[in-house]
Chemist: 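Take a look at the following structure, please.
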Amino acid sequence: MQIFISWSGDVSKQCAETLREWLPFINQEIAPFVSSQDISKGERGLYTIATQLQECSFGIVCVTRDNQSAPWVNFESGAISRVLGESSLAPFLLDMPIKDLAGPLTQFQATDSSSREDVWAMVKSINDKCENRVEYDRLHTIFEKFWDDLESKLSEIRGQQPKAQVPERDTSEILNELVGLVREQNARLGGLERIVDSFNQPSAHYTINEPRGIHFFPSRRPIYVSSDVTADIRQRATAAIRQIEEMLGPDAVRTANVNKYGVEVFLNDRAAAKVGGFEVALATVAKTNQTAIYLKSEDGKDLFGHPPF
């Protein structure tokens, strides 16, 4: 798994190079990229960096008090988050506590490099994204074995530079930032609720005499449920839909309607062509779940039916 390690400034660069050497001990599948070490002379630097940003699966930004507002750090952080999402980017704070982090990087889950627990949490996140994950007990044993090496090297890097003159953030600034973040999260949740509410429309397959339909999404395909359906009927109907997918293929069901009389399932063309060979099994599914099953093609043609109980 490729990890892009971003840096800006000499201290940050040394931190990045240290992580580049240390992380493969944790999981040999990890392949860190640091521009100061992994761009050969004569290569087009920006092109190589852009390519690595596209190919990486996780990003680490080595942050110091001096560079947290550096344009290059924020540019690479933004690029990584756009490609991978916020959960795959970790600001790695070398010489400052998390409370003093400011600017765009505050939206990400930061790691305090002096905290064994924080670094361990980052290591677990990286390991989880590897195709071949190391089992947690073994991973923790490896981490404990090599933690002292990392801690010693980072302490040495911190000691090479005088303490930055960037003032610590005062409490009011931190509180204002927290309020802003909470408001942003509330706005996002409100937007999500509006999107979910927009789905709660009647199914196109219900007639005017049937109750209003509501949607729920237990898997990748929409299921439209009549408002007069009890929880027990819904549970039996969705169990039947799941078994139909097991027979006809995971993408067989395009959509389904559930009412108190049974379940109407619309199949894709490939699954519709296979129904004839599964009629006995489908009848068994209906009997087992005590629900009527009506299978149709995408254009509404009747394919199979088992009457209600």
Chemist: Take the angle between the ring planes of His140 and Trp120 and call it parallel below 30°, perpendicular above 60°, tilted in between.
Modeler: perpendicular
Chemist: Search all heavy atoms of Val225 against all heavy atoms of Val229 and return the closest pair with its distance.
Modeler: CG1-CB, 3.8 Å
Chemist: Check whether any side-chain heavy atom of Ile293 sits under 4.5 Å from a side-chain heavy atom of Leu282, and report yes or no.
Modeler: no
Chemist: Can you find a heavy atom in the side chain of Tyr294 that is under 4.5 Å from one in the side chain of Asn257?
Modeler: no
Chemist: Can you list everything that forms a side chain to side chain donor-acceptor pair (under 3.5 Å) with Asp128? Sequence neighbours excluded, please.
Modeler: Tyr136
Chemist: Quick check: closest heavy atoms across Pro91 and Gln109, and the distance to 0.1 Å?
Modeler: CD-O, 3.6 Å
Chemist: Using side-chain contact (heavy atoms from CB on, under 4.5 Å) as the criterion, point out the one residue from Val61, Ile60, Asp66 that pairs with Val63.
Modeler: Val61
Chemist: Check whether Gln68 reaches the backbone of Ala102 with its side chain - one donor and one acceptor, N or O, closer than 3.5 Å.
Modeler: yes
Chemist: Report the residues that fulfil side chain to side chain contact (heavy atoms under 4.5 Å, CB included) with Gln235, sequence neighbours left out, ordered by chain and then residue number.
Modeler: none
Chemist: Closest approach of Pro32 and Ile5, non-hydrogen atoms and distance?
Modeler: CB-CD1, 3.8 Å
Chemist: Between atom CZ of Arg158 and atom OG of Ser113, what is the distance when rounded to the nearest 0.5 Å?
Modeler: 4.0 Å
Chemist: Begin from the C-alpha positions of Cys56 and Phe33 and carry the test side chain to side chain contact (heavy atoms under 4.5 Å, CB included) through to its verdict.
Modeler: CA-CA 9 Å; Cys56 67; Phe33 173 87; over 6 Å; no
Chemist: Around atom CD of Glu135, are there more than 12 heavy atoms of other residues, nucleotides or ligands at under 6.0 Å?
Modeler: yes
Chemist: Here's a test for you: under side-chain contact (heavy atoms from CB on, under 4.5 Å), which of Cys62, Ser12, Ser6 qualifies with Asn67?
Modeler: Ser12
Chemist: In Å and rounded to the nearest 0.5 Å, what is the CD to CD distance from Glu17 to Gln14?
Modeler: 7.0 Å
Chemist: Kindly indicate whether the side chain of Phe266, heavy atoms from C-beta on, has any atom under 4.5 Å from the side chain of Lys296.
Modeler: yes
Chemist: Answer yes or no: does atom NZ of Lys274 have more than 12 heavy-atom neighbours from other residues, nucleotides or ligands under 6.0 Å?
Modeler: yes
Chemist: Just so I know, are the side chains of Thr64 and Met96 near enough to count as touching, which here means a heavy-atom distance under 4.5 Å?
Modeler: no
Chemist: Give a yes or no answer on whether the side chain of Gln107 reaches the backbone of Pro104 with a donor-acceptor pair at less than 3.5 Å.
Modeler: yes
Chemist: Quick one, Met1 and Ile126 - any side-chain contact, counting heavy atoms below 4.5 Å?
Modeler: yes
Chemist: Taking side chain as C-beta onward, heavy atoms only, is Ile3 less than 4.5 Å from Leu19?
Modeler: no
Chemist: Once you round to the nearest 0.5 Å, how far does CG of Asn27 lie from CG of Asn132?
Modeler: 7.5 Å
Chemist: How would you list, by chain and number, every residue that makes a side chain to side chain donor-acceptor pair (under 3.5 Å) with Asp269, sequence neighbours excluded?
Modeler: none
Chemist: Check Val263 against Ala237 and note the closest heavy-atom contact, atom names and distance.
Modeler: CB-CB, 4.3 Å
Chemist: Does Asp95 use its side chain to pair, donor to acceptor, with the backbone of Arg65 at less than 3.5 Å?
Modeler: yes
Chemist: So, the side chain of Ser152 versus the backbone of Asp148: is there a donor-acceptor pair under 3.5 Å, distance only?
Modeler: no
Chemist: Mind running side chain to side chain contact (heavy atoms under 4.5 Å, CB included) on Ile26 and Val134 for me, showing each step along the way?
Modeler: CA-CA 9 Å; Ile26 301 300; Val134 176; over 6 Å; no
Chemist: Salt bridge (Lys or Arg N to Asp or Glu O under 4.0 Å) with Lys13: which residues, sequence neighbours excluded?
Modeler: none
Chemist: Nearest 0.5 Å please: distance from the CD1 atom of Ile233 over to the CG atom of Asn289.
Modeler: 12.5 Å
Chemist: Using side-chain heavy atoms (C-beta onward) and a distance below 4.5 Å, is Val119 in contact with Phe143?
Modeler: yes
Chemist: Nearest 0.5 Å, please: how far is CD1 in Ile157 from CG in Leu94?
Modeler: 6.5 Å
Chemist: Test of understanding: with side chain to side chain donor-acceptor pair (under 3.5 Å), list the residues that count as partners of Thr111, not counting sequence neighbours.
Modeler: none
Chemist: Restricting to non-hydrogen atoms, name the atom on Lys129 and the atom on Phe58 that form the minimum distance, rounded to 0.1 Å.
Modeler: CD-CD1, 3.6 Å
Chemist: Less than 4.0 angstrom from a charged side-chain N to a carboxylate O is my criterion; do Glu144 and Arg116 meet it?
Modeler: yes
Chemist: Walk me through whether Phe25 and Leu150 qualify under side chain to side chain contact (heavy atoms under 4.5 Å, CB included).
Modeler: CA-CA 11 Å; Phe25 289 116; Leu150 177 64; over 6 Å; no
Chemist: Ignoring hydrogens, what is the shortest heavy-atom contact between Ala292 and Tyr261? Give both atom names and the distance.
Modeler: CB-O, 3.3 Å
Chemist: Taking the side chain as every heavy atom from C-beta outward, state whether Leu303 and Ser297 have any atom pair closer than 4.5 Å.
Modeler: yes
Chemist: Got a second to check how far Gln2's CD is from Glu29's CD, nearest 0.5 Å?
Modeler: 11.0 Å
Chemist: Checking Asp232 now: which residues fulfil side chain to side chain donor-acceptor pair (under 3.5 Å) with it, not counting sequence neighbours?
Modeler: Arg236
